[in-house]
Amino acid sequence: MHVHIEKEIKGLILSLPLVHPFRTSFGEERERKFILIRARKGEEEGWGEVVVSEAPLYSEETLGSAVYVLKNYLFPLALKCHLQTHCFEAGAERFRGNPMAKSGVSLALWDLEAKKRGLPLFKIYGGGREEIPSGVSVGIQKNLDGLLKRIEGFLSQGYLRVKVKIAPGWDCEVIKEVRRSFPQIPLGADANAAYGKEEVDRLLCMDEADLLFLEQPLYPDDLYYHSLLRKRIKTPLALDESIKNPRKMEVGYLMGAYSIVNIKVGRMGGVGRVLKAVRFAQERGIPLFCGGMLESGVGRAHNLHLATLSPFVLPADLSKTERYYRRDIIPPFEFSRPGYIPVPQGPGIGVDLDYRFLEKIQIEEFT
Ligand code: OSB
Ligand code: MG
């Protein structure tokens, strides 16, 4: 029996093993569990990704909290809005927090809308780039030698910028050694909020390594202490975890807490908020880069479209598929020339999903 579904929104919980374990100051991931959102209207379907982890380590959100909020609040809102982006995003502002859950729905609805209009998302966003400069984020390794070998491997493939994860005990010496081995490369360091305000003196050593940026050294709430650190350190500060929405971006700017912002749609709570933050950056000349959360191909396709906007002047945390997953749910992203990933040109996110593989890695679905 075939039932025609006019409008539908659904969550799929999936799991993919990472090619290489990814260690940061907050823990190690070997496998990525994530939620895909599928929004259907008539013949078209739009896809979004909820970039949560199982544990509340990067942020407060978890797989379980996202499922709860999607089922009980965000799916009903999306349906009430007839799956329209602006209605959904405006309605979602009423709910506190839960940006990754909100963003998953937002992305699916934007994809759906773009597909109905027959346009690639970047055209709707007003982006002008056809390929995105690609950087790579390198996790904490067992030893320095392993790190240097890994970086060398990535550089030989053409990555345009390397970001090294740091944590207390894996910071000054490591960064200085990396710089000594690779004197010329654009290099960043990301602490994932591992340092307290009492530990800032430790971070001044970064100035000896000629870094492009030091990302999120202090706790997410510590915008004020970031602004104090910024006065003492020459290395540009980039913020990630602290910039939870466009208001935090504005306050952080007024306080002088950062020079650069790492934009992640999941952390910000949806496309509308990212577009607002990007306008803010554009008006003030704030350099941005597009961050990553080890997304599946769906999330990375969305990131490619957002990264076409002009304030994204720095290489993105957006690497080739093979750096994350042996097999992905969309055809692999590769370089069109060394260091550049082409932006998909088809309608919406512009990539086709591998439905059979999707079924294989699915754990559960919910509406
Ligand atoms: O801090 O940017 C981060 C991955 C998971 C959680 C936080 C971060 C990251 C990355 C990976 O750095 C970037 C990527 O997806 O390539
Ligand atoms: Mg970061």
Side-chain angles (χ1 to χ4, degrees), residues 16 18-34 49-63 99-100 103 132-141 147 150-151 154 157 159-167 170 187-195 211-220 226 236-244 248 252 258 260-268 288-304 306-307 312 314-325 328 332-333 335 339 341:
L16 277 174
L18 285 161
V19 169
H20 202 273
F22 192 73
R23 174 177 287 282
T24 65
S25 61
F26 58 74
E28 185 180 83
E29 289 195 87
R30 295 174 166 273
E31 162 201 60
R32 193 83 182 125
K33 280 211 182 85
F34 58 99
E49 180 165 342
V50 181
V51 295
V52 279
S53 305
E54 280 187 278
L57 295 171
Y58 168 81
S59 76
E60 297 86 339
E61 256 178 311
T62 67
L63 188 72
M100 293 176 181
S103 175
I132 302 303
S134 174
V136 63
S137 174
V138 186
I140 295 169
Q141 307 294 314
L147 176 67
R150 220 164 141 63
I151 293 175
F154 286 128
Q157 296 177 51
Y159 284 100
L160 298 173
R161 184 228 63 201
V162 172
K163 167 168 128 179
V164 173
K165 294 290 184 179
I166 60 166
W170 181 267
L187 180 66
D190 185 0
N192 285 106
Y195 296 84
L211 297 180
L212 198 55
F213 59 81
L214 168 61
E215 180 171 332
Q216 195 68 46
L218 310 179
Y219 300 156
H226 278 105
L237 293 187
L239 288 183
D240 174 355
E241 283 90 330
S242 288
I243 308 300
K244 295 172 199 239
K248 283 279 190 306
Y258 63 75
I260 298 169
V261 179
N262 168 338
I263 296 280
K264 294 177 179 170
V265 64
R267 191 198 64 225
M268 300 284 282
L288 305 178
F289 69 89
C290 180
M293 292 292 290
L294 311 175
E295 289 91 343
S296 80
V298 166
R300 265 174 300 121
H302 274 293
N303 291 345
L304 282 170
L306 288 166
F312 288 94
L314 296 161
D317 276 340
L318 228 163
S319 313
K320 292 192 278 186
T321 299
E322 60 170 39
R323 181 257 175 280
Y324 305 99
Y325 304 109
D328 200 348
F333 287 124
F335 289 159
I341 301 181

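Starting from 1, each residue takes its place in the sequence as its number. Ligands are counted one by one from 1 in listed order, and the atoms in each one are counted from 1 as well.
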message: Can you classify the ring geometry of Phe289 versus Phe213 as parallel (below 30°), tilted (30 to 60°) or perpendicular (above 60°)?
response: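 Parallel.
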
For ligand 1, note which part of [X] has a heavy atom under 4.0 Å away: side chain, backbone, both or neither.
| X | answer |
| --- | --- |
| Lys264 | side chain |
| Asn192 | side chain |
| Asp190 | side chain |
| Asp240 | side chain |

task: Using a strict 4.0 Å cut-off to heavy atoms of Ser137, name the atoms of ligand 1 that fall inside it.
output: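 Matching atoms, with element in brackets: 10 (C), 11 (C), 12 (O), 13 (C).
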
- prompt: Does ligand 1 have any atom sitting under 4.0 Å from a heavy atom of Gln216?
  reply: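 Gln216: no contact with ligand 1 (<4.0 Å).
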
message: Could you check whether any heavy atom of Lys163 sits closer than 4.0 Å to an atom of ligand 1, since that is the contact criterion I want to use?
response: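 Lys163: in contact with ligand 1 (<4.0 Å).
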
Between [X] (side chain only) and [Y] (backbone N and O only), is there a donor and an acceptor less than 3.5 Å apart?
| X | Y | value |
| --- | --- | --- |
| Asp328 | Gly297 | yes |
| Arg32 | Glu295 | no |
| Ser242 | Pro220 | yes |
| Ser319 | Ser137 | no |
| Ser103 | Val265 | yes |
| Glu241 | Leu239 | no |
| Glu28 | Arg23 | no |
| Thr62 | Ala55 | no |
| His226 | Gln216 | no |

Among protein heavy atoms, which sits nearest to [atom], and what does the distance come to when rounded to 0.1 Å?
| atom | value |
| --- | --- |
| atom 14 (C) of ligand 1 | Tyr324 OH, 3.5 Å |
| atom 6 (C) of ligand 1 | Met293 SD, 3.5 Å |
| atom 13 (C) of ligand 1 | Gly292 O, 3.5 Å |
| atom 15 (O) of ligand 1 | Leu294 N, 2.9 Å |

Below 3.5 Å, N or O to N or O, backbone or side chain included: is there any such pair between [X] and ligand 1?
| X | result |
| --- | --- |
| Lys165 | yes |
| Arg323 | no |
| Phe22 | no |

query: Is there a side-chain contact between Leu147 and Trp170 (heavy atoms, below 4.5 Å)?
result: yes

- request: Measure the shortest side-chain to side-chain distance between Asp317 and Asp190 over non-hydrogen atoms and say whether it is less than 4.5 angstrom.
  value: no

query: If you draw a sphere of radius 2.8 Å around the Mg ion (ligand 2), how many protein N/O/S atoms end up strictly inside it?
result: 3

query: Can you tell me if Tyr258 and Asp240 form a side-chain donor-acceptor pair at under 3.5 Å?
result: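 Side-chain D/A pair, Tyr258 to Asp240: absent.
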
